[in-house]
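These notes are about the structure you will find just below.
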Amino acid sequence: MAVKLRLKRMGKKKQPVYKVVAADARSPRDGKFIEAIGLYNPKTEPATIEIKEDRALYWLGVGAQPTQTVRSLLSQKGILLKRDLMKRGLSEEQIAIRMEEWKKLKEAQIAEKLKKAEKTKSKKQSEKAEDKSTEENSAAEV
């Protein structure tokens, strides 16, 4: 039985929430699954990703194939990196040190992204304000 790690859609219309599940590859997307290992909510800012790391590592260890989206989620949580480090035969201590470094780097990247987003947002708002003032001035002249 081929097992896949994939998303199962939950939630309401236009408010999707997904469960990350281990399921038989032949079962339908929202059908029967073996185990729920996490939750993904893309509508929150930033997106909520909760995955049981030990269960994900177990399923990956027994050969479950993650879908592209689930692979991305596992990568974002650092689970694939941890699995790779374990495969290389590093000790628990070395893995913990590498994971800390990775988390710091990831946090720095997120902070940088937020800064850029705020800059572009404030720039757009100032451009809109300028456009409105020029429109008002031209309307007053006519």
Side-chain angles (χ1 to χ4, degrees), residues 1-140:
M1 177 172 72
V3 176
K4 281 198 167 211
L5 297 179
R6 63 181 180 204
L7 299 177
K8 176 180 179 172
R9 194 181 193 284
M10 313 272 292
K12 301 179 206 172
K13 185 178 177 182
K14 296 188 178 183
Q15 294 178 358
V17 176
Y18 298 93
K19 270 187 180 176
V20 180
V21 298
D24 184 3
R26 296 169 291 179
S27 66
R29 181 193 73 176
D30 298 334
K32 189 176 170 184
F33 59 90
I34 302 168
E35 181 181 1
I37 63 168
L39 188 74
Y40 170 55
N41 186 352
K43 287 293 195 177
T44 59
E45 190 63 41
T48 305
I49 304 169
E50 297 171 6
I51 296 179
K52 296 176 191 169
E53 187 178 307
D54 58 331
R55 296 308 298 165
L57 287 172
Y58 167 77
W59 283 110
L60 291 171
V62 295
Q65 293 296 314
T67 60
Q68 200 167 12
T69 307
V70 172
R71 180 179 299 275
S72 172
L73 296 175
L74 294 174
S75 178
Q76 287 175 31
K77 295 297 284 183
I79 294 171
L80 292 181
L81 175 64
K82 188 172 185 177
R83 181 169 183 258
D84 185 51
L85 293 173
M86 289 167 69
K87 270 184 156 181
R88 290 184 192 173
L90 298 178
S91 68
E92 295 274 332
E93 193 174 288
Q94 290 173 325
I95 291 173
I97 291 169
R98 292 256 179 113
M99 291 302 292
E100 279 299 315
E101 290 173 359
W102 178 81
K103 281 181 183 175
K104 285 179 185 173
L105 187 67
K106 187 86 174 171
E107 287 172 4
Q109 287 174 346
I110 290 172
E112 192 172 307
K113 271 187 181 178
L114 288 174
K115 268 186 180 178
K116 280 186 180 178
E118 283 183 24
K119 270 187 179 178
T120 54
K121 190 176 180 181
S122 64
K123 198 174 184 179
K124 282 183 181 178
Q125 285 178 345
S126 64
E127 286 176 1
K128 277 186 179 180
E130 285 180 20
D131 287 346
K132 278 188 178 180
S133 65
T134 55
E135 285 178 13
E136 289 174 1
N137 286 343
S138 63

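In this structure the side chain of Q68 never reaches within 4.5 angstrom of the side chain of S72, judged on heavy atoms.
When all heavy atoms are compared, the tightest approach of M99 to L81 is SD-CD2, 4.0 Å. A2 and D24 make their closest contact through O-OD1, 3.1 Å (heavy atoms, listed as atom of the first residue, atom of the second, distance). Residues L7 and R29 come closest through the heavy atom pair O-CG, 3.7 Å. Contact between K52 and A36 at its shortest, heavy atoms only, is NZ-O, 3.7 Å. The shortest heavy-atom contact between R6 and A25 is NH1-O, 3.7 Å. Contact between S27 and A23 at its shortest, heavy atoms only, is OG-CB, 3.9 Å.
Of the options E100, Q94, E101, a side chain to side chain contact (heavy atoms under 4.5 Å, CB included) to I97 is made by E101 and by none of the others.
A distance of 14.0 Å separates NZ of K82 from CZ of R98, quoted to the nearest 0.5 Å. Within the model, atoms CG of L5 and CD1 of I37 stand 4.5 Å from one another, a figure rounded to the nearest 0.5 Å. Atom CD1 in I49 sits 9.5 Å away from atom CD1 in I79 (nearest 0.5 Å). Atoms OG1 and CG, from T69 and L74 in turn, are 11.0 Å apart once rounded to the nearest 0.5 Å.
Listed by first and then second residue, the side chain to side chain donor-acceptor pair (under 3.5 Å) pairs that reach into residues 30-47 are E35-R55, E35-W59, T44-T48, sequence neighbours excluded. Evaluation of the side chain to side chain donor-acceptor pair (under 3.5 Å) test over residues 113-128, restricted to residues two or more places apart or in two chains, returns none.
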Open item on the list: Checking V3 against I34 for the side chain to side chain contact (heavy atoms under 4.5 Å, CB included) test, could you report, in this order, the C-alpha distance in whole Å, the side-chain angles of both residues, the deciding distance, and whether it holds?
Closed with: CA-CA 9 Å; V3 176; I34 302 168; 4.0 Å; yes
Task: S75 and R71: CA distance, side-chain angles, deciding distance, side chain to side chain contact (heavy atoms under 4.5 Å, CB included) verdict - done: CA-CA 6 Å; S75 178; R71 180 179 299 275; 5.5 Å; no
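For the pair R83 (side chain) and L60 (backbone), a donor-acceptor distance under 3.5 Å is present. A donor-acceptor pair under 3.5 Å is absent between the side-chain atoms of K8 and the main chain of V21, judged by distance alone.
R9 is linked by a side-chain hydrogen bond (donor to acceptor under 3.5 Å, both in side chains) to nothing, counting only residues two or more places apart in sequence or in another chain.
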